[in-house]
Participant: 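Dropping the structure in here first, questions after.
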Number of protein chains: 2
Amino acid sequence: MEYPSKLYYSISEVAEITGVKAHVLRYWESEFPTLSPKKTRAGARRYRQKDIQEIEAIKSLLYNQGFKIAGARKQRREARKAEADQPAPAAPQLAMGFDRMDNAERLAHVRRELQEVLGLIQALRLAAPAVAKPKAKKAEG
Amino acid sequence: MEYPSKLYYSISEVAEITGVKAHVLRYWESEFPTLSPKKTRAGARRYRQKDIQEIEAIKSLLYNQGFKIAGARKQRREARKAEADQPAPAAPQLAMGFDRMDNAERLAHVRRELQEVLGLIQALRLAAPAVAKPKAKKAEG
DNA sequence: CGAGTTCAAATCTCGCCGTCCCGACCATCT
DNA sequence: AGATGGTCGGGACGGCGAGATTTGAACTCG
């Protein structure tokens, strides 16, 4: 999903971007405490990218994974809590300082990370199987 | 949940044990391929403990976790498949032949794949965040 | 045989999840 | 100022998914 990058989006822009109709967005807002965009003084919603991600997450729970609203709400609540405990993992660390290592070290490093990542994927796939599979390109050259 | 241990249970016994009404059990049977008790020659259902566990699982998905039937069905299907593939995949492939590589090209290749994989995880986490995280074992060597 | 259990299938109910419609408010353009 | 167009909240409405009930026949067991 690609969309223009800016600070705030109106409800109709978000509807366009996410494919969720505006009135449904308002409805979800009444059902999901995790979705609460800022509002202008006049009351108009101002969505940020964070909110759009939240919407995508909810959408997936409801339409891909087949949760009812109550179940999806619970999932999101817990996901938020988990996020709070454990801030963004792995990715930033990954690049850091990489080109300063010597080759053997790099290899070992990458390898460890890859193992870890595979474990993560395992867990995710078990828990959330309804996902488009990436083509496994064989690195068997 | 405690109940008398025997080989077969009638539908009304199972209804009693699980707290799910008989007609609902029949209904679920029509919705969940993973639930299919044997039948007598006369057509009466004979449930085994395995079936009772399946029912409890479905019940939890529907009533505790808040799945819709379609979602719960998917979960069960996946759970069954996962059960079948006990032997952990992926990791073995990863190790295979890896220690024979040594050139920078390989390294770069792996690294690119890893990046890609991390993107995948990002996407997965957004879509399906309610997941028990694997303990990030910091292999700090 | 008669009481109880089970069956499949049809029909009914109810609540979830939106959907539609409304008058009002606000910002921008002419 | 008036017109246009997006947005607001709220209430009435509706489809359908998930079960509940009913019907009537077949089977089981004493």
Side-chain angles (χ1 to χ4, degrees), chain A residues 3-4 6-48 51-52 54-76 130, chain B residues 4 6-48 51-52 54-76:
Chain A
Y3 55 89
K6 37 178 177 161
L7 248 193
Y8 292 114
Y9 302 81
S10 75
I11 194 171
S12 57
E13 287 170 328
V14 172
E16 167 83 9
I17 290 165
T18 62
V20 178
K21 305 232 179 77
H23 67 265
V24 177
L25 290 175
R26 283 194 225 105
Y27 171 59
W28 283 2
E29 199 178 317
S30 78
E31 295 288 345
F32 293 91
T34 48
L35 175 57
S36 56
K38 282 273 184 313
K39 300 206 183 178
T40 67
R41 181 160 32 89
R45 289 162 180 76
R46 285 315 53 170
Y47 294 87
R48 298 188 319 214
D51 298 311
I52 292 179
E54 180 66 24
I55 290 164
E56 297 286 5
I58 292 171
K59 189 178 153 192
S60 165
L61 289 170
L62 294 180
Y63 301 154
N64 295 142
Q65 309 195 45
F67 278 90
K68 290 192 259 190
I69 293 218
R73 177 168 45 234
K74 194 153 117 190
Q75 293 296 311
R76 291 310 300 152
Chain B
K6 37 179 177 160
L7 248 192
Y8 291 114
Y9 302 81
S10 76
I11 194 171
S12 57
E13 286 170 329
V14 173
E16 167 84 9
I17 290 166
T18 61
V20 177
K21 304 231 179 79
H23 71 267
V24 177
L25 290 176
R26 280 191 227 105
Y27 172 58
W28 284 1
E29 198 177 318
S30 78
E31 294 288 344
F32 294 91
T34 49
L35 175 59
S36 55
K38 282 275 186 313
K39 299 204 183 179
T40 67
R41 180 161 32 90
R45 289 162 179 74
R46 296 290 78 156
Y47 294 86
R48 306 178 354 158
D51 298 311
I52 292 180
E54 180 66 25
I55 290 164
E56 297 287 5
I58 291 171
K59 190 177 152 193
S60 165
L61 289 170
L62 294 180
Y63 302 153
N64 295 141
Q65 309 197 47
F67 278 90
K68 293 189 250 187
I69 293 229
R73 176 169 45 231
K74 199 147 100 184
Q75 291 296 312
R76 291 311 298 154

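Proteins get letters first, then strands, A, B, ... in listed order; numbering begins at 1 in each. Values in this document were obtained by computation on a predicted structure and should not be read as measured data.
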Participant: Return the set of residues passing side chain to side chain donor-acceptor pair (under 3.5 Å) with B/Glu16 (not counting sequence neighbours), or none when no residue passes.
Facilitator: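 With sequence neighbours excluded, B/Glu16 shows a side chain to side chain donor-acceptor pair (under 3.5 Å) to no residue whatsoever.
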Participant: Restricting to side chain to side chain contact (heavy atoms under 4.5 Å, CB included), what partner residues turn up for B/Arg26, sequence neighbours left out?
Facilitator: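 B/Arg26: side chain to side chain contact (heavy atoms under 4.5 Å, CB included) contacts with B/Ile11, B/Ala22, B/His23, B/Arg45.
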Participant: I'd like to know whether CZ of A/Arg48 has more than 12 heavy-atom contacts from other residues, nucleotides or ligands below 6.0 angstrom.
Facilitator: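 Atom CZ in A/Arg48 is not crowded, with 12 or fewer foreign heavy atoms closer than 6.0 Å.
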Participant: Checking B/Ser10 now: which residues fulfil side chain to side chain donor-acceptor pair (under 3.5 Å) with it, not counting sequence neighbours?
Facilitator: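 Side chain to side chain donor-acceptor pair (under 3.5 Å) check on B/Ser10 returns B/Ser12.
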Participant: Could you pull out the closest heavy-atom pair between A/Glu29 and A/Leu35, with the gap in Å?
Facilitator: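 Closest approach of A/Glu29 to A/Leu35, heavy atoms only: CG-O, 3.4 Å.
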Participant: Does the protein touch nucleotides 1-11 of chain C at the base, only the backbone, or not at all? Give it as B, S and - per nucleotide, heavy atoms under 4.0 Å.
Facilitator: -----SBS---
Participant: Report the residues that fulfil ring pair (Phe, Tyr, Trp, His ring centres under 6.0 Å) with B/Phe67, sequence neighbours left out, ordered by chain and then residue number.
Facilitator: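 Applying ring pair (Phe, Tyr, Trp, His ring centres under 6.0 Å) to B/Phe67 gives A/Phe67.
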Participant: Expressed as a whole number of Å, how far does the P atom of C/dC21 sit from that of C/dC17?
Facilitator: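 Going atom to atom, P in each nucleotide, I get 23 Å.
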Participant: Sequence neighbours left out, what passes side chain to side chain contact (heavy atoms under 4.5 Å, CB included) with B/Ser36? Give chain and number order.
Facilitator: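 Scan of B/Ser36 (side chain to side chain contact (heavy atoms under 4.5 Å, CB included), adjacent residues dropped) gives none.
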Participant: Can you name the side chain to side chain donor-acceptor pair (under 3.5 Å) partners of A/Lys6, sequence neighbours left out?
Facilitator: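 Residues passing side chain to side chain donor-acceptor pair (under 3.5 Å) with A/Lys6: A/Glu13.
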Participant: Rounding to 10 degrees, work out the angle separating the end axes of the helix from C/dC1-D/dG30 to C/dC16-D/dG15 (five pairs an end).
Facilitator: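 Its terminal axes enclose an angle near 10°.
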Participant: Please enumerate all residues that pass side chain to side chain contact (heavy atoms under 4.5 Å, CB included) together with A/Val20, with sequence neighbours excluded.
Facilitator: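 A/Val20: side chain to side chain contact (heavy atoms under 4.5 Å, CB included) contacts with A/Thr18, A/Val24, A/Leu25, A/Trp28, A/Ile55, A/Lys59.
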Participant: Report the residues that fulfil side chain to side chain contact (heavy atoms under 4.5 Å, CB included) with A/Lys74, sequence neighbours left out, ordered by chain and then residue number.
Facilitator: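 Side chain to side chain contact (heavy atoms under 4.5 Å, CB included) check on A/Lys74 returns A/Arg77, A/Glu78.
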Participant: Encode nucleotides 16-21 of chain D as B, S and - characters from 5' to 3', where the letter depends on protein heavy atoms closer than 4.0 Å: B to the base, S only to sugar-phosphate, - to neither.
Facilitator: --BSBB
